[in-house]
Amino acid sequence: MKQVRVLLVDDDDLFRKSLAKELRRSGYLVNAAEDAWRALDALKSSPPDVVLLDIRLPGQNGLQVLKSIKRFDPSIEVIMLTAFGAIDTAVATLQAGAYHYLVKPAQLTEIDVAIQRAYEKRCLTIENQALKDKLRPDPDRDTIVGESPEIQNLLTLVDKVAASDQTVLIQGESGTGKELIAREIHRRSPRRDQPFVLVDCASLSKSLLESELFGFEKGAFTGAEAEKRGLLEAADTGTLFVDEVGVLEPEVQASFLRLIETREYRRVGATDTRKADLRIVAATNADLSEAVQQARFREDLFFRLSVIVLQVPPLRQRPGDIPLLARHFLEQAGFTQPPKQLSDNALRELQRHDWPGNVRELRNTLERAALLSEGDVIEPWDLQLLASATDRIVRRILPSDDLVPLSELHSRYIHLVLDKVHGNQQEAARILGIDPKTIYRHLKKER
């Protein structure tokens with residue numbers, strides 16, 4: 001059972017400390033603050049389920065703090081506390097969104113019942129919102145577009161692994177849609193109505209990643225003036241998606257391995273161990289087996305992550321999906337109604353391109369073309385495609401528009417391949433699919 005997080009805000013030191021102590025004995029996770037400013041800081045660093053809020057506070061009064069809480073998260077329930085039982089004050093707080101109103105000194109049993117009922121109301125509010133979100137049409141939900149065998153096989157595997165809590169590793173080039181696959185695993189899992197939390201390892205330094213992922217205790221390092229819950233706590237009962245797991249520093253790899261093996265972790269600066277009830281999905285565009293061989297990635301962590309591996313195919317391996325993806329992205333762009341269309345020639349250009357940036361590059365290309373093209377139909381020149389690998393090779397062996405004999409192209413391409421493999425005739429012959437003697441005879445003839 002999830003512990004209820006309570007934020008107690010009261011400027012009476014004796015009352016605040018004694019009530020916090022009793023609530024902790026009753027099994028609540030309690031954070032306490034003596035004024036409005038500290039309360040709002042605590043609200044942002046460690047969001048509670050229920051707030052016990054004194055009306056009379058230094059700085060801002062409780063009614064102002066209540067309104068700030070409701071702006072931050074309307075589902076957080078607030079129980080007002082006051083030594084002054086004025087009915088007009090009670091009505092004002094209830095009208096502003098307070099769940100209940102207690103007059104100090106209230107009995108612990110009365111406070112306990114109020115917290116439990118407030119928490120039940122919060123859970124019901126969150127569940128209702130999740131149901132509404134589920135029923136509301138969402139144009140961005142079904143963003144895994146494709147009818148190719150590669151995509152259909154991948155989605156079949158997603159369906160099989162979603163039902164379990166097993167750790168999954170998603171591999172694929174940048175821009176192939178690894179995050180979409182992770183979200184689809186979450187959406188098809190029993191945890192679908194719980195949080196999906198993303199950790200982007202590539203965008204955070206080691207120190208920031210540790211504190212963001214695991215949270216930290218007050219005083220854990222310079223500037224840690226209050227405790228902060230980490231993304232693990234935010235993902236409680238849901239799915240934690242760890243993107244670019246291959247760039248984790250060795251120290252973080254050790255902590256992450258312990259999390260996968262035991263579902264336990266420690267906040268930075270803490271000695272006590274916390275439990276994590278979550279599903280872990282990781283992704284990488286790197287070859288982790290090679291990173292293991294180079295001692296840049298722990299072998300035991302690699303084995304833990306790679307129990308179930310999903311490989312997302314690059315776009316160049318499924319050109320048949322490009323028309324579907326193009327239509328989808330043009331509809332999503334929403335720059336014109338109805339959406340702009342692709343000419344047949346533009347579509348052929350898209351299918352000829354090798355897409356080093358994969359689906360992300362295709363989406364960006366089409367959004368740019370939809371925005372900048374003049375007419376209702378997007379033509380090849382509107383796409384502004386960067387040269388594909390094939391185009392770059394052609395331009396190297398045919399730098400001008402002058403036409404040359406086929407034998408000359410044949411010779412130029414042999415020299416291009418030889419240049420790429422540093423003169424290794426055996427390797428060049430393997431790439432060209434010819435006998436090495438053919439290359440030898442060709443070079444001898446040119447002398």
So, the side chain of [X] versus the backbone of [Y]: is there a donor-acceptor pair under 3.5 Å, distance only?
| X | Y | answer |
| --- | --- | --- |
| Arg5 | Asp49 | no |
| Asp382 | Glu379 | yes |
| Arg368 | Leu383 | yes |
| Lys340 | Ala370 | yes |
| Asp321 | Ser148 | yes |
| Lys275 | Tyr265 | no |
| Gln152 | Gly146 | yes |
| Trp355 | Pro314 | no |
| Asn358 | Leu315 | yes |
| Asp112 | Leu108 | no |

Check the side chains of [Y] and [X] for a donor-acceptor pair under 3.5 angstrom, ignoring hydrogens and angles.
| X | Y | value |
| --- | --- | --- |
| Glu249 | Gln253 | no |
| Glu22 | Tyr28 | no |
| Glu361 | His353 | yes |
| Ser68 | Arg71 | yes |
| Thr82 | Lys104 | no |
| Ser174 | Asn285 | yes |
| Arg122 | Ser75 | yes |

[X] with [Y]: basic N within carboxylate O range, under 4.0 Å:
| X | Y | value |
| --- | --- | --- |
| Arg258 | Glu264 | no |
| Asp272 | Arg267 | no |
| Glu120 | Arg117 | no |
| Arg191 | Asp277 | yes |
| Arg360 | Glu173 | no |
| Asp41 | Arg38 | no |
| Lys228 | Glu217 | no |
| Asp54 | Arg56 | no |

Do [X] and [Y] come close enough that some side-chain heavy atom pair is under 4.5 Å?
| X | Y | answer |
| --- | --- | --- |
| Val281 | His186 | no |
| Asp243 | Cys201 | no |
| Thr365 | Phe329 | no |
| Val197 | Phe241 | no |
| Pro339 | Arg327 | no |
| Ile260 | Leu301 | yes |
| Tyr101 | Ile79 | no |
| Pro47 | Arg229 | yes |

Knowing that exactly one of [options] qualifies, which makes a side chain to side chain contact (heavy atoms under 4.5 Å, CB included) with [X]?
| X | options | value |
| --- | --- | --- |
| Leu231 | Val199, Leu198, Leu278 | Val199 |
| Arg279 | Ile185, Thr167, Leu240 | Ile185 |
| Phe297 | Leu305, Val247, Thr284 | Leu305 |

Kindly indicate, with the supporting measurements, whether the criterion side-chain contact (heavy atoms from CB on, under 4.5 Å) is fulfilled by Gln171 and Val309. CA-CA 7 Å; Gln171 295 184 147; Val309 179; 3.6 Å; yes
Could you go step by step and tell me if Leu366 and Leu342 meet the side-chain contact (heavy atoms from CB on, under 4.5 Å) rule? CA-CA 9 Å; Leu366 289 166; Leu342 286 164; 4.1 Å; yes
So for atom CD, which belongs to Gln107, do other residues, nucleotides or ligands contribute more than 12 heavy atoms lying within a distance under 6.0 Å?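 No.
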When rounded to the nearest 0.5 angstrom, what is the spacing between [atom1] in [X] and [atom2] in [Y]?
| X | Y | atom1 | atom2 | value |
| --- | --- | --- | --- | --- |
| Arg16 | Asp11 | CZ | CG | 8.0 Å |
| Thr125 | Ile76 | OG1 | CD1 | 11.5 Å |
| Leu324 | Arg318 | CG | CZ | 9.5 Å |
| Ile55 | Leu53 | CD1 | CG | 7.5 Å |
| Leu63 | Lys67 | CG | NZ | 4.5 Å |
| Leu209 | Leu248 | CG | CG | 6.0 Å |

Testing the basics here: between [X] and [Y], what is the closest heavy-atom pair and its distance to 0.1 Å?
| X | Y | result |
| --- | --- | --- |
| Leu7 | Ala39 | CD2-O, 3.8 Å |
| Gln3 | Gly27 | NE2-O, 3.1 Å |
| His100 | Ala114 | CD2-CB, 4.0 Å |
| Val30 | Ala20 | CG1-CB, 4.0 Å |
| Ala270 | Arg266 | O-CD, 3.7 Å |
| Pro380 | Ser343 | CD-OG, 3.9 Å |

Decide yes or no on side-chain contact (heavy atoms from CB on, under 4.5 Å) for Leu19 and Leu52, but give the supporting numbers first. CA-CA 10 Å; Leu19 180 56; Leu52 293 172; 4.3 Å; yes
Check whether Tyr99 forms a cation-pi arrangement with Lys121 (NZ or CZ under 6.0 Å from the six-membered ring centre, at most 45° off the ring normal).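 Verdict for Tyr99: no cation-pi partner in Lys121.
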Mind running side-chain contact (heavy atoms from CB on, under 4.5 Å) on Ile280 and Arg263 for me, showing each step along the way? CA-CA 10 Å; Ile280 296 172; Arg263 289 301 191 270; 3.9 Å; yes
